[in-house]
Structures are given as C-alpha cells and as structure tokens.
Amino acid sequence: MWLGGRSTTSTVNGHKLTHQTGAAKITAETNFSLLHLFLTRANMAVVLPLTIGPEAYREAKSDRKALAAFNRINALACIMSAGRGWLGASFSCTEILTAIYSDPTLFNAERGDVVALGKGHAAAMQYACLVGAGILPVTELVRYELPDGPQAHTDISTPGIALNTGSLGQTLSKALGLAMARSEARVYVVLGDGELQEGQVWEAFMAFAKFRPTNLIIVVDINGIQTDSNVADIMPTLDPAAALTAAGIQVIHVENGNCPDATHASLQAAAAASATTPTLLLMHTDKGAGLTLTAARSVAPRSYGWHGGVPNTQQYLASLIELSSSAIAEPAIRTAIEKYCISVGSATVGGVVAGASLSVIGAAGKIALIDLQPTSTSQPPTTSLPSSPSFPLDPDAAISTGTMYGKVLAGLDAPHVRVLDADLEKSCQLTAFALAHPTRFLEVGAAEQNMVGIAGGLALAGLLPFCNTYANFYRRAIEQVYVNATEHTRVVYAGHYAGLCYATDGKTHQALGDIALFRGVPGVIVLYPCWPGEVRAMLEWYLSNPAEARGRPLYLRLHRTAALFPLPPPPSLPFTLGHGVWLREGNTKIAVLTAGPHLAGSCLAAASALESSPDVIVLSSHTDLAASFVTRLAAYDVIAIVEETHVNGGLFECVAAALHAFAAAAPTPKPVPRLYHRAPSDFPFSTRVRTGLYEHFGLTPPQLAEWLKQVLL
C-alpha cells in the first residue's frame with residue numbers, strides 16, 4: 001500500500017517504476033530503515049545520491065561487471081552531490097581502474113602500489129574505486145569538491161592518492177620518478193588520448209624507453225573524444241606504439257577497454273610481462289561508457305555534452321536503473337536501487353543539506369542510513385551581500401570580463417588577427433569567433449607551449465596572435481612567453497578563469513601567481529580589467545598600436561564569473577595605461593587600493609561601512625604606472641592594498657616599487673605612504689561556493705571591513 005501522495009508510472013529501459021509524490025510504499029519486504037528512508041524523504045526538497053558500500057563490493061568479489069557498475073554509481077554520487085564533475089572521462093576508464101583495484105595480484109596497497117591519473121579530472125572514478133578497496137570512507141563521496149573533502153582533481157590530501165594531478169601531461173614523468181625510486185611497488189599511470197597532445201608526455205615516453213622501469217605500467221585510455229569534440233578534430237595525436245615498440249617497449253592493444261574481462265586479462269598480461277619488459281597498454285574505450293545517455297566514441301564537432309555535464313534528477317534515476325539492470329546480477333541490490341529511486345519521489349538529488357542522510361547499499365542489498373555531520377560535510381557559509389548600493393550599477397554587471405572578451409573578439413573583423421586556443425574553446429568564449437572566422441582560428445589542442453611558440457612565429461610574420469588558455473596553464477609556457485618577448489613582437493596572452501572566483505576545480509586550475517609570472521618578463525604589459533566594458537577599451541587601445549605598446553606583448557587577466565559585489569559603471573573615458581580609477585574619493589589621508597571586479601566591489605562595500613570613509617581606488621594596470629598617478633598616491637598617509645593574486649609579485653610590489661622610485665627621484669627627501677597588504681598566501685582548493693575562497697582568505701566585505709578598521713585607524 002501507499003502512505004498518502006499521488007503516484008505516477010514511468011518506464012526506464014523496460015523497468016516499470018511507480019513514483020509516488022510525497023508518499024512511501026510499504027511492502028512485506030520493507031525493513032524499518034527503508035520505511036524511515038521513505039517517510040523522511042517524503043517532504044524533503046533535496047536528497048543525497050545513492051552510494052554502494054564496501055560490504056557490497058566484497059560480496060561481489062570477482063564479478064567485475066557488477067563492480068564496474070558499483071563504481072559508476074559511486075562516481076555519480078560524487079558528481080551529483082557537487083553539481084559538477086567530469087562524467088565522460090570518469091566512465092571511459094571505469095573498467096581499467098576497476099580491474100586494477102579489484103585484483104590484489106594487480107594492486108597491493110601494503111606493498112605501496114600507486115595508481116596515478118594523468119587525466120586527473122576523472123577523479124570521481126578513482127575515489128569510487130578507493131571506496132570499493134576499503135581505502136576511502138563511503139561518506140567522502142558526497143563531500144567531493146568541499147574544502148576538506150576529495151578535491152576536483154586527484155590530490156594527496158585524499159587517502160589513497162599518491163600525487164597531485166589536474167594539469168595534463170605531467171603525471172607520467174612524476175610516476176616514472178616514483179617507479180624508479182620504489183622498485184618494490186607497482187606504479188600504474190592512466191593517460192587520456194587528448195593528453196598525448198602535451199609535449200611532456202613524449203619526453204616521459206623517451207625517458208621510459210631509456211630507464212626501462214619494469215614496475216611502471218602505462219595505460220592510455222583512448223576514448224576518441226576530448227572536451228566536446230573528437231580528438232582528431234581538436235588535434236590528431238601520434239600513435240606511441242610505433243616509437244615505443246622500436247625502443248623495445250611491449251605494447252598491448254585492447255580493442256574493447258570497457259569489457260571487464262578483456263581489460264582485466266590485458267592488465268594481468270601486462271603485469272606478468274613487465275617483470276622483464278616495460279609495458280604500455282592502449283585501451284580503446286567509449287567516452288561516458290556504461291550509460292546510453294552518455295556513451296560515445298565519435299561525435300560531431302562541439303556536440304558532446306557529457307565532458308562536464310551533470311545529469312538532472314530524472315536522468316540520474318534512469319541511469320541507476322540502467323546500471324542495475326544491465327550489470328548487476330544480485331537481486332537484492334537491484335531491488336534496493338529501485339527502492340531508492342522510488343523513495344526520491346519529487347525531490348531533487350543533489351548536495352549536502354542540513355538533516356540529510358546518506359543511503360549506502362551494503363551486505364545483502366540492505367540500505368543503511370548514515371547521518372552526516374554538518375560540521376564536516378556542509379559547504380562554507382555564503383557571504384551576506386552588502387545592502388543596496390547608493391550608486392547606479394554597471395549595466396554590464398551580469399556578465400564576466402571573460403564573457404565580454406569573447407564578445408569583443410566575435411565582433412573583431414581584423415585580417416591580421418589570429419586567435420589560438422589550447423582545447424578550451426568554449427570556456428574561453430571563442431566559439432563565436434571560430435565560427436565567424438574559421439581560417440583565423442587555430443586550435444592547437446592541449447599544448448600550451450606549442451600554442452605560445454606558434455604565436456611567436458605568427459607575430460614575427462607581422463600578424464597579431466591572441467593566445468587563450470586558463471591563466472594557470474601559462475605557468476608551463478612562461479619560457480616561450482619570455483623568448484617571444486625578447487623578439488619585441490606583439491602577442492596578446494588572455495588568461496582565463498583567473499583568481500578566486502573559479503572556486504570548484506582546485507589548485508591545479510586556479511591562478512593566483514599569473515600576474516607575478518608575466519610581470520617577471522621584461523616588456524610585457526599586464527592589464528587586469530575591473531569592468532567588462534574595460535575589456536573592450538583595453539583591446540581597442542592595444543589594437544590601435546599606441547607608442548607605449550609598440551613591440552610589447554600584453555597579458556590580459558580575465559574572470560569566469562561576473563562581479564560578485566555591486567560596482568558602479570566604468571569610466572567613460574578611453575583606457576589610459578598606468579592610471580587608476582577612484583570609486584570613492586574625498587579622503588586625503590587614507591585609501592584602499594585594489595584590482596579586478598570582485599575585490600573592487602568588496603572593498604567598496606567594506607569602505608562604505610567604515611566611519612573613516614577611506615578612498616577606494618581601482619588600478620587595472622600592473623605595469624607602467626603613470627607618474628601623475630604615483631604622485632597622487634604618494635599624497636596619502638596610509639594605503640591598504642587588497643588583491644586576489646598571490647602575496648608575492650602582484651599589485652603590492654608594483655605599487656611599492658613605484659612609490660619607492662618616486663621618493664628616490666625627489667630632489668629632497670619625501671615620505672611615502674605606510675602600506676598594508678592583504679592577499680592570499682597559500683594554495684587555493686576546491687569549494688562548491690562561489691565566495692568560498694574569498695571567505696577563506698578574508699576578502700569578503702565584512703572581513704575586509706574588520707581588517708581595515710585595524711590597519712587604517
């Protein structure tokens with residue numbers, strides 16, 4: 001019978017499910033915990049995703065098809081709880097990781113064995129396997145991308161993870177070093193086929209062939225798709241088999257890397273062979289394998305939606321039923337999965353909420369409810385926004401500086417401009433330009449050093465190249481930036497997803513030191529727009545080739561997210577290099593100096609709450625400070641400098657050096673303002689809250705107001 005509510009019937013993959021809104025069904029086999037589950041969920045708006053506990057893994061033993069389904073269910077728990085993740089990459093390597101972790105002859109944690117993901121964005125699947133291996137508590141799955149939970153990309157802060165990953169191309173070299181230093185342990189590396197576009201992978205292949213560690217097994221997950229397009233459409237990769245075979249490396253081809261038995265057999269063969277011969281496996285898989293909704297091996301350009309896509313609740317429930325019916329033989333577990341799907345009712349499956357209990361399928365298919373501790377599972381508190389500002393708002397406040405950059409490029413009909421991308425076309429807002437000017441758009445794949453080098457050649461030929469990647473990924477290409485600068489050519493380096501607003505993806509993807517890197521290259525102009533409209537003004541200025549920009553490259557720091565705190569409209573004057581903008585003025589003694597859209601609004605709100613009413617200044621130029629601007633700064637007694645770049649090498653050092661030079665150049669000794677500094681001093685991390693990193697580093701309006709009271713008064 002049903003306890004209240006209204007029932008509807010749907011069919012998913014041949015399974016007829018009755019969904020009861022606001023109700024619970026009681027049957028003879030319903031135990032007390034399930035009845036409690038139904039009753040408590042009947043009126044909940046959000047419920048946690050389903051998980052499989054280690055007891056169920058142990059009962060499945062060598063049923064690798066079921067174990068792979070368990071791992072997919074648990075990886076989905078990560079992604080659904082965070083509301084983001086990389087399902088396609090996680091599911092393509094499911095059988096690979098399942099085979100390794102489920103066979104004690106392949107993986108022995110006590111021996112110190114290591115499994116490292118070159119494709120670190122498949123972290124959710126590795127976390128799922130660690131739960132199955134009894135290394136990671138099952139409750140950690142729903143804490144994915146929380147500050148003290150498993151990070152977006154695999155990170156050594158998580159039990160069972162040996163090295164940090166996320167930046168493609170680096171893991172194989174590090175694993176090679178581990179294998180050479182720990183000869184008693186076996187080291188597995190799982191690379192993505194798109195990752196083969198990174199040059200460091202090939203350097204590591206050469207070292208693998210030279211040093212020949214027999215305890216290192218390399219697996220390339222060839223799913224044929226990177227981001228939203230075929231690898232062959234982004235940048236075709238060379239086959240490592242020919243080169244490594246010639247160097248005496250054994251290469252094993254597996255045509256169906258999503259077949260549990262074939263995958264397991266090939267890994268066993270590799271483990272046996274590696275005792276005498278270094279081994280590489282080429283596993284052909286499907287992106288998003290295991291679900292009709294997500295599986296693909298070849299797609300039309302820009303059409304694959306499950307690289308970073310997250311299922312909605314109905315898609316999630318249908319996925320659970322498909323995994324249950326197609327891969328799980330144990331009737332009790334299949335029944336438990338169906339009951340969970342029914343229990344969700346009209347609720348939404350999502351992240352951790354107050355009072356939520358985690359459903360864990362354990363031995364004999366019984367569902368246990370685990371009450372999560374709010375202190376260890378809840379997200380950081382969101383910052384209270386300031387009250388309605390007294391000034392008119394920026395008309396472009398709803399878009400980010402990164403989005404405006406894409407709009408400006410799309411409307412740029414300049415034959416001498418070339419736009420280069422490193423496999424981040426959509427993230428960098430380049431699609432409109434790519435479609436409008438296909439012959440001027442160059443997709444080089446995941447290869448930042450190559451992109452910057454190509455740009456240098458284009459610039460030597462008199463063209464104006466625009467390089468595009470995440471701000472943090474320029475770290476690996478800074479030598480190429482340096483050499484380009486020695487040739488006194490003009491190149492635009494657009495650093496996307498900079499700063500702390502890119503909260504979710506962790507330290508390998510978050511950029512705090514980018515400004516310091518580019519300021520350290522002679523001749524580079526470093527600009528950090530505060531308003532979306534300022535992006536247009538800056539690009540128009542640079543494209544006009546003014547005297548102060550001739551023969552000089554430009555670094556443009558861009559944000560993914562629109563301003564988190566209210567800002568007034570930008571100045572209507574054309575952009576002028578080296579000058580700041582006063583958002584608030586009238587105080588001749590104290591000022592707050594900052595940069596970028598988020599901290600400009602945060603500082604303005606904080607200053608407005610102080611009785612001392614300090615001036616608030618935004619400086620978008622991080623090089624080439626104008627003498628008149630520095631002279632005006634020098635008139636203050638105290639300046640508090642606030643920035644979302646690393647404590648070293650950013651705005652503070654730029655301004656301090658300029659003020660020191662001003663004082664040193666004066667014919668008579670001149671005092672300079674007393675400077676205070678607030679900036680991140682440590683690595684960032686994953687958080688699900690947009691303001692989470694600002695809160696952690698003390699950069700929200702209430703936190704800044706309290707700090708300013710202490711230093712300015």
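Note: hydrogens, waters and symmetry copies are ignored here, and every other heavy atom, side chains too, is used.
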Measure the spacing between CD1 of Ile328 and CG of Leu323 and express it to the nearest 0.5 Å. 7.0 Å
Is the NZ or CZ atom of Arg418 positioned over Phe441's six-membered ring, under 6.0 angstrom from the centre and within 45° of the axis? no
Evaluate the side-chain proximity of Thr285 to Ile222: yes if any heavy-atom separation is below 4.5 Å, no if none is. no
When rounded to the nearest 0.5 angstrom, what distance separates CG in Leu106 from CD1 in Ile100? 7.0 Å
Side-chain H-bond candidate by donor/acceptor type, Thr171 with Thr165, under 3.5 Å: no
Donor-acceptor pair between Ser167 and Gln170 side chains, under 3.5 angstrom: yes
Just do the side-chain contact (heavy atoms from CB on, under 4.5 Å) check on Ser173 and Glu203 with the steps written out, would you? CA-CA 8 Å; Ser173 298; Glu203 295 175 8; 5.8 Å; no
Take atom CD of Gln268 as the centre, draw a 6.0 Å sphere, and report whether it contains more than 12 heavy atoms from other residues, nucleotides or ligands. yes
For the CD1 atom of Ile161 and the CD1 atom of Ile135, what is their distance to the nearest 0.5 Å? 9.0 Å
Between Gln226 and Asp423, does any side-chain donor sit less than 3.5 Å from a side-chain acceptor? yes
Spacing of Leu168 atom CG and Glu448 atom CD [to the nearest 0.5 Å]: 8.0 Å
When you measure from the centre of the six-membered ring of Tyr502, is the NZ or CZ of Arg560 under 6.0 Å away and within 45° of the axis? no
I need the single residue from Arg72, Lys65, Arg64 that forms a salt bridge (charged side-chain N to carboxylate O under 4.0 Å, His left out) with Glu95. Which is it? Arg72
Here the gap from Cys93 atom SG to Met283 atom CE, rounded to the nearest 0.5 Å, amounts to 11.0 Å
Nearest 0.5 Å please: distance from the CG atom of Asp239 over to the CG atom of Leu244. 9.0 Å
Which of these, Asp233, Asp193, Val299, sits in a side chain to side chain contact (heavy atoms under 4.5 Å, CB included) with Ile225? Val299
Do you know which of Phe518, Phe473, Tyr555 makes ring pair (Phe, Tyr, Trp, His ring centres under 6.0 Å) with Tyr493? Phe518
For Ser92 and Lys119, test the side chains for any donor-to-acceptor distance below 3.5 angstrom and give the result as yes or no. yes
For the pair Leu50 and Leu320, evaluate side-chain contact (heavy atoms from CB on, under 4.5 Å) and give the outcome as yes or no after the intermediate values. CA-CA 9 Å; Leu50 180 68; Leu320 292 181; 4.3 Å; yes
Parallel, tilted or perpendicular: rings of Trp86 and His153 (30°, 60°): tilted
Between Tyr470 and Gln510, do the side chains contain a donor N or O and an acceptor N or O under 3.5 Å apart? no
Just to verify, which of Arg84, His509, Glu145 counts as forming a side chain to side chain contact (heavy atoms under 4.5 Å, CB included) with Ser686? Glu145
Side-chain donor-acceptor pair present, Asn256, His284, cut-off under 3.5 Å: no
Above 12 or not: heavy atoms from other molecules or residues under 6.0 Å from CZ of Arg302? yes
For Pro532, which of Lys407, His559, Met404 qualifies under side chain to side chain contact (heavy atoms under 4.5 Å, CB included)? Met404
